[in-house]
Structure formats: structure tokens, C-alpha cells
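Step one of this worksheet: look at the structure below.
Note: hydrogens, waters and symmetry copies are ignored here, and every other heavy atom, side chains too, is used. Predicted model only: the values in this text are computed from it and were never measured. Reminder, nothing fancy here: chain letters follow the sequence lines and each chain counts from 1.
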Protein chains: 2
Amino acid sequence: MARAGLTAARVVEAAADLADDVGFENVTVSALARQFGVKDASLYSHVKNVQDLRTRVALLAGGEMIDRIGVAVAGRAGKDALVAFANAYRAYALERPGRYAATQIRIDPAVVAESSVFRRTAEVTYGMLRGYGLSEPDLTDAVRLLRSTFHGYCGLEASGGFGAPRGVQTSWERALDALHVLLEHWPRDETKAA
Amino acid sequence: MARAGLTAARVVEAAADLADDVGFENVTVSALARQFGVKDASLYSHVKNVQDLRTRVALLAGGEMIDRIGVAVAGRAGKDALVAFANAYRAYALERPGRYAATQIRIDPAVVAESSVFRRTAEVTYGMLRGYGLSEPDLTDAVRLLRSTFHGYCGLEASGGFGAPRGVQTSWERALDALHVLLEHWPRDETKAA
DNA sequence: GCGCAAACCTAGGACTGTTAGGTTGCAGCT
DNA sequence: AGCTGCAACCTAACAGTCCTAGGTTTGCGC
């Protein structure tokens, strides 16, 4: 019988595609094996367990996402950069819902440490804010606020949390306007508290 | 044999407690039955299926949460109200992580329509913003931004998303300062777009 | 063409979700 | 006290999922 030609990378990518199709919480070892026309047990040569599989999908998605964002913000500054970052973020979340959901799971700190995804994400995010002239610790606070807002907005949008008729796209643009104003009027931390 | 005295409400409450203990995604029919010293099948007299169980936990948690928030913001306005709302929100998320996680699941719109939780949530949230003098559609945009930010912040905090040493509590307070400034400088929608 | 590592399989155990249908305890009525 | 009915609870069974242990095959490098 012809072999499926499985490989760790191929399995993870298929899992990511499956997540976009049926939702991240529904990517199961069995379903994945079915896609390849292979028995469940065969996947365990390439992936330790479901936990491991999900972590890998998360890292794949996180890498793809920050790459797209990085391209979008390249050569931009100030509000231009903010909007480009935010729109690339949201576009990814809407286009690849399963992969985006994967990026939200808790990941083992040991894995985080040896992956480049988080470093790149931090670099791009801090870089985007460069034009606003913030310095630590305000910078960290601002990054956290922005991440929270993007994360929260896309999460609520994806889960149908916005019931009112007002257009979600319009609200998003308004939110970006507001965040831009906010970054320009950022209440500076006089106390330099740690 | 002495009966456990199960009831739909009691089952749901136990499920919520279990969620706070072991995480919402780990509340399972079997585990719940074990807690009551009862067979799995017995629970199906009180709850349609896991989906139904989770939805009920979500509604319970959502109700508890908005009640606590409502008490916190009562009699306050402006920044006072904003801070009270936000702190009550975050406190609930931190104290009852399982219940809070439950509030984030997607809920059948039919259920949403006939539950009072969402109406109350909207009332309290819009009420909190009254002092800032916003009017529609800016009001809806601001509500969405705030909800997203709180939701996103607590989600990231709970999943360990804040790696840097800067205190999470301090960043939170700074974020509230910033949001207050933002609401006072809200970029008005001149076009009255829908 | 031989060997070996990787790819894939069979078999099976443990847990979870769910249904169908049976039994039993308890409240209230007579 | 005895009956009755309903709700609480049970047994039995099946399907799906995760995972392990150990066996077989395929294809690539020599």
C-alpha cells in the first residue's frame, strides 16, 4: 500500500488546516489520522501526544502571524504602523480562525524559551510603537494594553460576541483611531515604578 | 441507598465549582458524576448533554459576574465607575477562573435571546459610560473597545501571556488610567456612519 | 541486493459521551 | 398503612478518543 509520507511538519500543517476547517478544539488525533488515511497510532511517531500537536500548531500559527504582521508594518511609523499591525493581526484571525485559536492556548514556558516566535513578536510589537516616543515602563504597559485589545476584540468577534447592528469593521476602525489618540496622550509614569 | 438529591441547579453549580478547581475544559460528565458519587448516566436527567451543561455554567457565571460588577459601579460615575467596573471584572476572572472561562464560550443565540444576563450586562456597561458624555454610535464603539480590552487582558493574564517582569497589577492600573484618558479624548464620529 | 531506520500497522486498555430501558425511593393522597 | 406516580438513580451497551507496546513493511544508502 502506498504510504502517506507523513512527517512531523506535514502532520502539524494538516492539523492547522483541519483547525481552520472544523475549529481548533475539534482537531483530534483520530480526525487527523482519517485525513491521511492512516491509523491513529501512526501519528505518534511524529508527535508526542495531543498536547504536543496543539503546541506545534500554536507555534506554526504564531510564526505565520507575526511574519505577516512584520511585513505589514515594515517601513511604517506612528499611526500608519499601528493600523497596519492591527489590520494584519485581525485579518489573520479572521482568515485562519483555527490557527488563530491555537495561538491562544497556554504554552509550556520551556518551549517558549527556545522558540523564536515570541522574541520576534516582541520585537515587531515594540518596534511598531517606536514612533510614539514612549519609554519603559510605559512601553511595556502600552504593549500589554494593545495586545489585550487586539486579542480581546478578535476573540469576541470570532465568538459572535458583538450583537448590536453597528458594523464590526467600523467599530474596529474607530477603536484604532481611539488607540492612536491614546498613545499620543499616554499618561506618563512619573514614579518610574517597577 | 441514600440519594444524592441531584437537581439541575445543583449539578450546574457543582460543575462551576469543578471548573474553578480543574479548569473549565476539564469539567466532564464523568468527573461531575464522580463528585456526586453517582453514575454518569444519572446526570442526563438534569442536563441534556455536555454542551447544555457548559452553556448553563456560562450563564450562571455571567450572571454572578455582572451582579458583582453592578454592585461595584452603583453610585459611581466617570473614572470611579470605570475603575470599579474593571476591577470587579478582573477580580471575578482571577477568583473564579473556571467560571470566567465559561463566560467566553460561544452561546446559542436562541439561548442568549431568552436570558436576562446579556441585557443586564449591556445595561450596566452602557451605564458605566454615562459620565463620559458619549452618544451613539460612539457609545457602542467605546463599549466594544472596553469589553475587548478587559476580556483580552484577563485572558492573557490567565494564560500566562505576560512574560516581562513588570507587575501585571501595575500595568493594569496604567491601562485603566490610559482608558480613562482615551474616553475623555474620544475621537468623535463626525460622519455619523452606521 | 542488503540492511536499517523510518513509516506504518494490529491489538488492546482506559476514559468519556450518550442512549435505552429498568428499578427504587419519596411525597402526597386516600 | 397502603397505594400511586414521578423523579432520581441504576445497569448495560456502544461509539469515539487518547495512548502504549510491540510487530511488519517500505524505501533509501551503500
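- Taking the six-membered ring for Trp and the full ring otherwise, the centers of A:Tyr89 and A:His151 sit at least 6.0 Å from each other.
- Across all non-hydrogen atoms, the minimal contact from B:Ala19 to B:Arg99 is CB-N, 4.5 Å.
- Taking atom CG of residue A:Leu6 and atom C1' of nucleotide C:dC9, one finds them 12 Å apart after rounding to whole Å.
- As rounded to whole Å, 16 Å separates atom C1' of C:dT16 from atom CD of B:Gln35.
- Distance CG (A:Asp52) to P (D:dC18): 14 Å, rounded to an integer number of Å.
- Per the geometry, CG belonging to A:Leu32 stands 10 Å off P belonging to D:dC18, to the nearest Å.
- At whole-Å resolution of the value, CG in A:Asn26 and C1' in D:dT17 are 12 Å apart.
- B:Asn49 comes within 4.0 angstrom of sugar-phosphate atoms only, judged by non-hydrogen atoms across all strands, and of no base.
- B:Thr28 has a side-chain polar atom (N or O) that falls below the 4.0 Å cut-off from OP1 or OP2 of C:dG17.
- Heavy-atom nearest nucleotides on DNA chain D were determined for A:Lys48 and for A:Ala31, and the one closer to the 5' end corresponds to A:Ala31.
- Between the C1' atom of D:dC19 and the CG atom of A:Leu53 lies a distance of 14 Å, rounded to the nearest Å.
- A:Glu25 has its CD atom 16 Å from the C1' atom of D:dG16, to the nearest Å.
- The distance between atom CZ of B:Phe36 and atom P of D:dC9, rounded to the nearest whole Å, is 9 Å.
- Nearest nucleotide to the side chain of A:Ser42, out of D:dA8, D:dC18, C:dC8: C:dC8.
- Side-chain proximity of A:Ala41 to the nucleotides D:dT20, D:dC10, C:dG17 is greatest for D:dT20.
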**Request:** Any chance you could lay out the salt bridge (charged side-chain N to carboxylate O under 4.0 Å, His left out) test for B:Asp67 and B:Arg120, step after step, and finish with the verdict?
**Result:** CA-CA 9 Å; B:Asp67 284 349; B:Arg120 272 155 56 214; 2.6 Å; yes
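- Geometric assessment of B:Arg144 against the ring of A:Phe162 yields a positive cation-pi assignment under the 6.0 Å and 45° thresholds.
- Contact check, B:Ser30 against C:dG17: a side-chain N or O comes under 4.0 Å of OP1 or OP2.
- Taking only side-chain nitrogens and oxygens, B:Ser45 never comes nearer than 4.0 Å to OP1 or OP2 of D:dC9.
- Here the CG-OG1 distance, from A:Leu156 to B:Thr149, works out to 9.5 Å after rounding to the nearest 0.5 Å.
- Proximity of B:Arg34 to the phosphate of C:dT16: a side-chain N or O atom is located under 4.0 Å from OP1 or OP2.
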